[in-house]
Amino acid sequence: MLLALGACTSLTGSKIVVSQTGDNPAPTVVPEGTDPDDAVIGRREHPRIIAAYGGVYSDRPAEIMVARIVGRLLAAANQPNAQFQVTILDSSEVNAFALPGGYIYVTRGILALASDTSELAAVLAHEIAHVTLRHARARTDRTRTTAIVDRVITGVFGGDTSTDATANRTRQSMAAFGQNQELEADREGIKFAGKAGYDPTAAARFLGVMSRFATFSAGANGGEGFLSSHPSTPARVQKALETARSMFGQASVGETDRAGYLASISGLTFGDSPAQGSIIGRRFIQSSSKFTFTVPQGYTLQNSQSAVVGVAGDGEAVRFDSADVQPSVGLADYLKSGWIAGLKSQSVTTQTYNGIEMASGVAQTDQWFFRVSVMRVDGQVYRFIFAAKADSTRFAQGAEATLKSFRRTDASDLSQIRKVAVRIVTAKAGETADSLARQMAGLNRGTELFYIINDLYPGDPIVPGQKYKVVALQ
């Protein structure tokens, strides 16, 4: 079994290696019985999947844990010599999926939601089952895959300057299997996990947790999420439980290793990754590229994989993203090159704020007025697109103030960034689930989130000495 993305490090003297970077091509070998065409599809889509999900998440304890689980599952699936590529994606989405050629993906969001090794094993076994059952190949033909990925790249790299909804729907489509395939993979995955010595009922347990988390997330983002591609209906949860009991007995037991699992995910990033930028009020701070800016009063910022979007209550909006522009192309020429509709060429001017070269102009369509600016920082071009129903002095002043605020970060800026991460706490005598949940009261809906990520309900008893997850600022 191989777990590889590039520069690899051997684990425990075995053939298992884990990812260190996402910069190198995928290995050319593929799982036993896989068609060469599957390998071509997997290798082609792999770097695009990584880009669509925010890159590879590097966490050594988590990588080691995943590698060991996959090695046991492959042996149980009679695939001890198969070569799979398993990637942990730097995304807060709760998701896992497989592509042709033996490519399996889990997000750090799903690692944060699981509470023991058997629950993660259930997820990984399910995805291995999709591959061994050839579901990924049955789902994906070249034409459909190319069309899907083209839409992802269009959304992720700035082709759609209005919203990231298309990219979000496309990511879900890439993960989607038919209902019968999902149920078949449930059954096969439970068999793999049970044979590997893990608790076979973990699949049903974790399906229930994911269902709760999907409902929680729907209240915040309108309902799009993991369950659109992996629906955890009550009937499916019950079916998974019945499958486990029929295969391994009514009183089936297996390894859960809750303590080991929680130790492996201690410190795991939760929510948006600081590497993708941090929002502090009306400020955006990009620590990796070392710049910051502030939007006008009344704007609410939201970060995504491809853009920072701000919306004001009076019908105004701003989008900030990046673009690939050759160093030889001047900013004014780029602004006039046709990527923004309705640009008034005579309005284009150049300026320098805080030592940063910029170019700005205005554009107008039937329904919208735009103020557009581009700037180059360390060779990378960034873009602001302010939109309003009509131009006004206030609108113009707000756009200009944002440009003037764009500057390189200093130590005081970076010190304001706080990582939100999973912290493991040990319950003391006399503590309750409610008292532990209050440790997350400072987060938006944090108390409610505590019960879900620990598979608890208000009023549930807790076990003194047992470890639980809380999400906290670091």
Side-chain angles (χ1 to χ4, degrees), residues 57 59 61-62 65 88 90-96 106-120 122-123 199 201-227 230 232 234 237 256-274 278-279 418-474:
Y57 183 72
D59 184 296
M65 173 184 62
I88 302 175
D90 190 10
S91 172
S92 61
E93 292 184 21
V94 175
N95 214 341
V106 292
T107 61
R108 60 175 168 79
I110 214 165
L111 297 183
L113 190 59
S115 290
D116 62 43
T117 304
S118 68
E119 291 180 355
L120 181 59
V123 172
D199 176 13
T201 66
R205 185 168 67 251
F206 195 51
L207 284 169
V209 173
M210 289 192 294
S211 181
R212 290 178 64 191
F213 186 80
T215 302
F216 172 87
S217 301
N221 62 25
E224 292 198 4
F226 180 82
L227 294 188
H230 291 69
S232 296
V237 174
T256 59
D257 190 21
R258 177 186 176 90
Y261 181 83
L262 294 181
S264 295
I265 66 166
S266 179
L268 188 82
T269 299
F270 194 93
D272 293 336
S273 170
S278 300
I279 293 171
R418 293 291 183 269
K419 177 183 175 183
V420 180
V422 176
R423 184 163 60 91
I424 308 304
V425 297
T426 303
K428 300 180 179 66
E431 287 188 315
T432 65
D434 297 341
S435 65
L436 289 178
R438 285 195 289 272
Q439 295 189 34
M440 289 174 52
L443 299 179
N444 181 35
R445 301 173 70 202
T447 302
E448 184 181 355
L449 179 62
F450 169 84
Y451 296 115
I452 296 171
I453 64 175
N454 289 285
D455 196 15
L456 294 169
Y457 289 89
D460 276 355
I462 62 171
V463 180
Q466 185 164 294
K467 298 183 183 299
Y468 296 87
K469 293 177 284 183
V470 298
V471 177
L473 291 173
Q474 288 191 336

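Keep in mind that the numbers below use all heavy atoms, side chains included, and drop hydrogens, waters and symmetry copies.
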Quiz item: Does one side chain, of Asp90 or Ser273, offer a donor that lies under 3.5 Å from an acceptor on the other?
Solution: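 Yes, side-chain donor-acceptor contact under 3.5 Å.
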Non-hydrogen atoms of [X] and [Y] that approach each other most closely:
X      : Y      : value
Tyr451 : Tyr457 : CD2-C, 3.8 Å
Ile265 : Val422 : O-CB, 3.9 Å
Ala421 : Gly267 : CB-O, 3.7 Å
Val237 : Gly208 : CG2-N, 4.1 Å
Val94  : Gly109 : CG2-O, 3.9 Å
Ala202 : Ala122 : C-CB, 4.2 Å

When you measure from the side chain of [X] to the backbone of [Y], do you find a donor-acceptor pair of N or O atoms at a distance under 3.5 Å?
X      : Y      : value
Arg423 : Leu473 : no
Ser264 : Gly260 : yes
Ser91  : Thr107 : no
Arg212 : Asp455 : no
Lys467 : Ala263 : no
Ser92  : Phe270 : no

If we only count heavy atoms from C-beta on, is the [X] to [Y] side-chain gap below 4.5 Å?
X      : Y      : answer
Gln439 : Val425 : yes
Ser115 : Tyr261 : no
Ile88  : Asp59  : no

Say you draw a straight line from [atom1] of [X] to [atom2] of [Y]; how long is it, rounded to the nearest 0.5 Å?
X      : Y      : atom1 : atom2 : value
Glu431 : Tyr468 : CD    : OH    : 10.0 Å
Arg445 : Ile452 : CZ    : CD1   : 7.5 Å
Asp460 : Leu436 : CG    : CG    : 12.0 Å
Leu113 : Phe206 : CG    : CZ    : 4.0 Å
Lys469 : Phe450 : NZ    : CZ    : 10.0 Å
Leu456 : Thr432 : CG    : OG1   : 10.5 Å

Quiz item: Within a radius of less than 6.0 Å around NZ of Lys428, do more than 12 heavy atoms belonging to other residues, nucleotides or ligands occur?
Solution: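 Atom NZ in Lys428 is not packed in, count stays at 12 or less.
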Quiz item: Of all residues at least two apart in sequence or in a different chain, which pass the side-chain hydrogen bond (donor to acceptor under 3.5 Å, both in side chains) check with Asp116?
Solution: Ser118, Arg205
Practice problem: Would you please test Met210 and Leu207 for side-chain contact (heavy atoms from CB on, under 4.5 Å) and show each step? | Solution: CA-CA 5 Å; Met210 289 192 294; Leu207 284 169; 3.7 Å; yes
